[in-house]
Amino acid sequence: MDISALSTADEEAVYLVAKASAEADTPDVPPWSRAAFLARIHDPWPGHNFEFHVAHDDDGQVAGYVELGLPQLDNLSNVNLQVTVHPDRRRKGIGRALYTLAVERARALGRSHLIGPTVDRRPDGPAFATAMGAKAGLAELRSRLDVADFDALNLDVPIADGYRLVQWTDHAPDDLIDDVALLDSSLMTEAPSGDLNWEAEKIDAARVRESEAAIIARNRTGYSSAAVHIGTGRLIAWTQITCPNDDRWQAWQQITIVDPAHRGHGLGLTIKVANLRYARSTRPELRAIDTFNAADNVAMLRVNEAMGFRRRETWSQWQVTV
Ligand SMILES: CC(C)(COP(=O)(O)OP(=O)(O)OC[C@H]1O[C@@H](n2cnc3c(N)ncnc32)[C@H](O)[C@@H]1OP(=O)(O)O)[C@@H](O)C(=O)NCCC(=O)NCCS
């Protein structure tokens, strides 16, 4: 086996490893499309650099890869790590070799915290992380909303007095973009993050615009609903659903955040319900929405359950200091 930096010639094989792995580990979620995965390589998520290294078997086949996500504007001591080995080639030491390389790269880059997720439904990821000396730093849940269950609830959640609803597709209005950036940058510290070494992200209007472009580059449409406080004109709550444009039956419920000063008015539920209806107004094929939450994020889980989300599985975010 040898490991080398990702070359253009290996991109297709790396995609097929990612797809096979996703199909084995989370069979009910559509894997990334080829176009979206290639955008992940060529159009890095804003504020990050990425390194990909590829393991070849002795017969020259791509057996696995490691992705190092390197935040550039905040979290400068962290590496977001994803080690992936084809399901047919596991337990041969490939994961360990990729991890060893990742540790070398982290040290060379002056970074000390490696953080990465595993799904608990298979032993591979958690057993591997434990064997590498990592500690579980955050328990997460993936929940799914069957849209038919949502319809059956027939929820009526008008927006609280003093607020108005704003909605957009892909691009936030210019006059609200600074408030979107402010809310986005507070997410890391407002949502529970367990023992993980995560600090608030530095997000400004330009970075929000880059994220909007990155979502489009991944062939997804972003639907947003938000609440404006009428008295001040400030945007104080925001939620987003991103919908893959290839597998159109499923989507991801992403960020939901309400400014702490405006909590207690039901705004979280109001904007999430409104946003789902908004997304479906142009995407009638949508049948399922998946979302991740910290397992101890009681407030958000309560909102999700009120909408009909049901827990599917637990995940762990692991952390190791090198
Ligand atoms: C986790 C993963 C990368 C491991 O790849 P791999 O090539 O099978 O790993 P290795 O063969 O190098 O295993 C190293 C050690 O991890 C442990 N391990 C890995 N899989 C295990 C399993 N299913 N059961 C028990 N122990 C396991 C063992 O201690 C193993 O050493 P050993 O084989 O000498 O006993 C692979 O299963 C995978 O791609 N999973 C999905 C993605 C993921 O969870 N990535 C990890 C977090 S970013």
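Positions are given from 1, in the same order as the sequence printed here. Counting starts at 1 for both ligands and their atoms, in listed order.
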Next on the checklist: Suppose I only count heavy atoms of Thr84 and a 4.0 Å limit; which atoms of ligand 1 are within that range?
Outcome noted: 39 (O)

Next on the checklist: Tell me whether Asp2 at atom CG has more than 12 heavy atoms from other residues, nucleotides or ligands lying less than 6.0 Å away.
Outcome noted: yes

Next on the checklist: Between Arg142 and Asp25 (salt bridge meaning N to carboxylate O under 4.0 Å), is one present in this structure?
Outcome noted: no

Next on the checklist: Among all protein heavy atoms in this structure, tell me which lies nearest to atom 26 (N) of ligand 1, with the distance rounded to 0.1 Å.
Outcome noted: Ala127 CB, 3.3 Å

Item to check | Among Ala97, Gly95, Ser21, closest by any non-hydrogen atom to atom 7 (O) of ligand 1 | outcome: Gly95

Item to check | Where Ala279 and Leu286 come nearest, the two heavy atoms and their spacing | outcome: CB-CD2, 4.3 Å

Checklist entry - Side chains of Leu73 and Arg207: closer than 4.5 Å at any heavy-atom pair? => result yes

Item to check | CG/Asp246: more than 12 non-hydrogen atoms of other groups inside 6.0 Å | outcome: yes

Checklist outcome for this item: Gly93 heavy atoms within 4.0 Å reach ligand 1 at atoms 10 (P), 11 (O), 12 (O)

Next on the checklist: Please confirm whether Pro117 approaches ligand 1 to less than 4.0 Å, judged on its heavy atoms.
Outcome noted: yes

Next on the checklist: How far is atom 46 (C) of ligand 1 from the closest protein heavy atom, and which atom is that?
Outcome noted: Val83 O, 3.7 Å

Checklist entry - Can you tell me if CZ on Arg234 sees more than 12 non-hydrogen neighbours from other groups inside 6.0 Å? => result no

Next on the checklist: For a 4.5 angstrom cut-off between non-hydrogen side-chain atoms, does Ile115 reach Gln317?
Outcome noted: yes

Next on the checklist: Checking a contact table here: which protein heavy atom is nearest atom 39 (O) of ligand 1, and how many Å away?
Outcome noted: Val85 N, 2.8 Å

Next on the checklist: I'd like to check which ligand 1 atoms, numbered from 1 as shown, lie under 4.0 Å from a non-hydrogen atom of Ile94.
Outcome noted: 7 (O), 12 (O)

Checklist entry - Under 4.0 Å between a Lys/Arg side-chain N and an Asp/Glu carboxylate O for Arg209 and Glu212? => result yes

Next on the checklist: Within the 4.0 Å heavy-atom shell around Lys92, which atoms of ligand 1 are there?
Outcome noted: 11 (O)

Checklist entry - Of all the non-hydrogen atoms in the protein, which one sits nearest to atom 29 (O) of ligand 1, and at what distance? => result Ala131 CB, 3.4 Å

Next on the checklist: Give me the nearest non-hydrogen protein atom to atom 12 (O) of ligand 1 as residue plus atom name, then the distance to 0.1 Å.
Outcome noted: Arg96 N, 2.7 Å

Next on the checklist: With a 3.5 Å distance limit and no angle check, can you tell me whether Tyr15 reaches the backbone of Trp32 through a side-chain donor-acceptor pair?
Outcome noted: yes

Checklist entry - For atom 4 (C) of ligand 1, what is the nearest protein heavy atom, given as residue, atom name and distance? => result Phe128 CD1, 3.6 Å

Item to check | Atoms of ligand 1, numbered as shown, that sit under 4.0 Å from any heavy atom of Leu81 | outcome: 48 (S)

Checklist entry - Which protein heavy atom lies closest to atom 44 (O) of ligand 1, and at what distance to 0.1 Å? => result Gly125 CA, 3.4 Å

Next on the checklist: Can you confirm whether the side chains of Asp10 and His56 place a donor and an acceptor under 3.5 Å from each other?
Outcome noted: yes

Checklist outcome for this item: Note: ligand 1 atoms sitting under 4.0 Å from heavy atoms of Asp25 are 40 (N), 41 (C)

Checklist entry - What is the nearest protein non-hydrogen atom to atom 23 (N) of ligand 1, stated with its residue, atom name and distance? => result Asp124 OD1, 3.3 Å

Item to check | Distance, nearest 0.5 Å, that separates CG of Leu196 from NE2 of His113 | outcome: 10.5 Å

Checklist entry - Which is closest to atom 28 (C) of ligand 1 by heavy-atom distance: Arg91, Gln317, Met1, Arg122? => result Arg91

